[in-house]
Amino acid sequence: MDINWYPGHMTSARRRIEEDIKLCDAVIELLDARIPGSSRNPDIDRLANNKKRVVLLNKNDLADRCITDAWIKYYENTGAKVLTLDSRERKQTLKVSDAVREVCKEKIERDLRRGIHNRPVKAMILGIPNVGKSTFINSFVGKATAKTGNKPGVTRGNQWIRLSKDINMLDTPGILWPKFEDEKTGINLALVGSINDNILPLYELSEILIDYLKTNYCNILHDRYMIDEALDSSSVLRSIAENKKLVLKGDEPDIDRAAKLLIDDLRSGRLGRISLERPD
């Protein structure tokens, strides 16, 4: 399944990021805790070369705890400061300031030695569409500073936001990259909602999800929908439609609605804490 989504505004947003990142001391990289590999833009290493790095595994309340622990170790081994959080919880977001100060400790101390006491650290926050960046900013600041939405592409321009007296953060639009490295990356991004649903084959995606859940999260489909997991994926969707009374005219099961329901239940956490990939 070949999935790619790179609307025109992402090209101009990428150019702006390339220019503005030169002004920053650190990069805050917001990843989806359910897909910390697939949600990481491979361009970041080049764009943020020699910048201090804070990695935030957001939506950790939706991800498998054990797998998230493995991802924390994975990114710590790259030299990044790693935190997990639910961006809707302000208490969790506030610890990000300490992480930025920690990775920029040398810069702060160098400024003090030079007699510079009030120059704030500048950090750029980067992330893919719908990863929760605007929600994180609003929780941190305590007001609706950034626009939020449950679909990708809400934030369109760069804007400076004062996180604290000594940290300024540059918000950026969520961008993907022109061509995904492999098919699995596109599928994972589509499943968590980082690609516009209007271009996606939701029925095929739901079948892939069913096979993954049956292999990695035994009984989760049975517990949620009271169906026989031994069925093939198309029969599972039919059973979901029947059990949830999703029907077309003539009482025919509405398979497309069942597919959308399954994906929505994954995204919302109604299926439980599920991670879609593990670190290599």
Side-chain angles (χ1 to χ4, degrees), residues 26-42 44-45 48 51-105 121 123-142 145-146 148 150 152 155 161 163-164 167 169 171-172 174 176 184-185 188-189 191-194 212-213 216-217 220 265-280:
V27 168
I28 302 171
E29 193 174 357
L30 199 63
L31 306 180
D32 190 312
R34 297 166 294 180
I35 53 167
S38 297
S39 61
R40 187 170 191 268
N41 190 329
I44 297 301
D45 281 335
K51 301 292 182 182
K52 300 299 182 181
R53 197 81 58 88
V54 175
V55 172
L56 306 179
L57 300 180
N58 190 31
K59 305 187 181 182
N60 71 318
D61 58 307
L62 302 177
D64 187 315
R65 290 185 181 93
C66 292
I67 297 177
T68 298
D69 288 342
W71 279 109
I72 291 171
K73 294 177 182 177
Y74 175 86
Y75 280 115
E76 285 179 340
N77 286 337
T78 70
K81 175 67 176 178
V82 185
L83 300 175
T84 62
L85 75 157
D86 174 356
S87 62
R88 298 168 300 177
E89 299 293 333
R90 188 161 190 263
K91 288 183 179 179
Q92 294 187 31
T93 64
L94 293 176
K95 60 188 176 183
V96 176
S97 287
D98 290 336
V100 173
R101 293 186 191 100
E102 181 179 334
V103 300
C104 292
K105 182 179 178 180
V121 170
M124 173 181 281
I125 184 165
L126 297 170
I128 62 170
N130 207 33
V131 76
K133 199 154 43 61
S134 296
T135 301
F136 161 74
I137 293 168
N138 291 338
S139 294
F140 197 115
V141 178
T145 300
T148 62
N150 60 358
T155 303
I161 297 167
L163 287 190
S164 59
I167 300 176
M169 186 172 68
D171 185 21
T172 60
L176 294 170
K184 183 63 175 173
T185 295
N188 285 342
L189 290 167
L191 284 172
V192 301
S194 291
Y212 179 83
L213 293 174
N216 296 277
Y217 292 93
I220 204 165
D265 282 351
L266 169 75
R267 293 173 179 174
S268 67
R270 287 188 291 268
L271 281 179
R273 299 175 69 110
I274 293 171
S275 293
L276 297 175
E277 61 184 357
R278 300 170 183 266
D280 294 333

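The structure presented is a predicted model; accordingly, all values stated were derived computationally and were not measured.
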#### Entry: CD1-OG distance between I35 and S275, expressed to the nearest 0.5 angstrom
10.0 Å
### Task
Give, for atom CD1 of I220 and atom CG of L271, the distance between the pair rounded to the nearest 0.5 Å.
5.5 Å
### Summary
Taking every heavy atom of R270 against every heavy atom of S268, the minimum-distance pair comes out as CZ-OG, 3.1 Å
#### Entry: Audit row: E29, R40, side chain to side chain contact (heavy atoms under 4.5 Å, CB included) steps and yes/no
CA-CA 8 Å; E29 193 174 357; R40 187 170 191 268; 3.0 Å; yes
### Query
If you take all heavy atoms of L62 and G269, which pair is closest and at what distance?
CD2-CA, 3.6 Å
### Query
What is the distance from atom CG of L57 to atom CG of D69, rounded to the nearest 0.5 Å?
10.0 Å
### Task
Indicate yes or no: at least one non-hydrogen side-chain atom of L189 is less than 4.5 angstrom from one of L176.
yes
### Message
Just verifying a value: how many Å separate N130 CG and K59 NZ, rounded to the nearest 0.5 Å?
### Response
4.5 Å
### Task
Check the pair V121, V100 against side chain to side chain contact (heavy atoms under 4.5 Å, CB included), reporting the backbone distance first and the verdict last.
CA-CA 8 Å; V121 170; V100 173; 3.8 Å; yes
### Task
May I ask you to decide whether R88 forms a salt bridge with D61, counting only side-chain N to carboxylate O separations under 4.0 Å?
yes
### Message
Does the plane of the ring in W71 sit parallel, tilted or perpendicular to the ring in Y74? Use 30° and 60° as the thresholds.
### Response
perpendicular
#### Entry: Exam field: side chain Y75 to backbone P36, donor-acceptor pair closer than 3.5 Å
yes
#### Entry: Heavy-atom pair of closest approach, residues I167 and S97
CD1-O, 3.5 Å
### Query
Run the side chain to side chain contact (heavy atoms under 4.5 Å, CB included) check on Y212 and L276 step by step: do they pass?
CA-CA 8 Å; Y212 179 83; L276 297 175; 3.8 Å; yes
### Summary
In short, N188 meets E277 closest at the heavy-atom pair ND2-OE1, 3.4 Å
### Task
Mark yes or no for whether S39, through its side chain, and D32, through its backbone, hold a donor-acceptor pair below 3.5 Å.
yes
#### Entry: Nearest non-hydrogen partners of V192 and R34, listed with the distance
CB-NH2, 3.5 Å
### Query
To the nearest 0.5 Å, how far apart are NZ in K52 and CD in E102?
11.0 Å
### Chi angles and distances behind the side chain to side chain contact (heavy atoms under 4.5 Å, CB included) call for K81, L83
CA-CA 7 Å; K81 175 67 176 178; L83 300 175; 4.3 Å; yes
### Query
Can any side-chain N or O of R273 pair as donor or acceptor with the backbone N or O of N60 at less than 3.5 Å?
yes
### Query
Nearest heavy-atom pair of I44 and R53: which atoms, and what distance?
CG2-NH1, 3.9 Å
### Query
When you check the gap from the basic side-chain N to the acidic O, do D98 and K95 get nearer than 4.0 Å?
no
### Task
Could you tell me the separation between the CG atom of L191 and the CG atom of L266, rounded to the nearest 0.5 Å?
6.0 Å
#### Entry: Check against side-chain hydrogen bond (donor to acceptor under 3.5 Å, both in side chains), S139 and E89
CA-CA 7 Å; S139 294; E89 299 293 333; over 6 Å; no
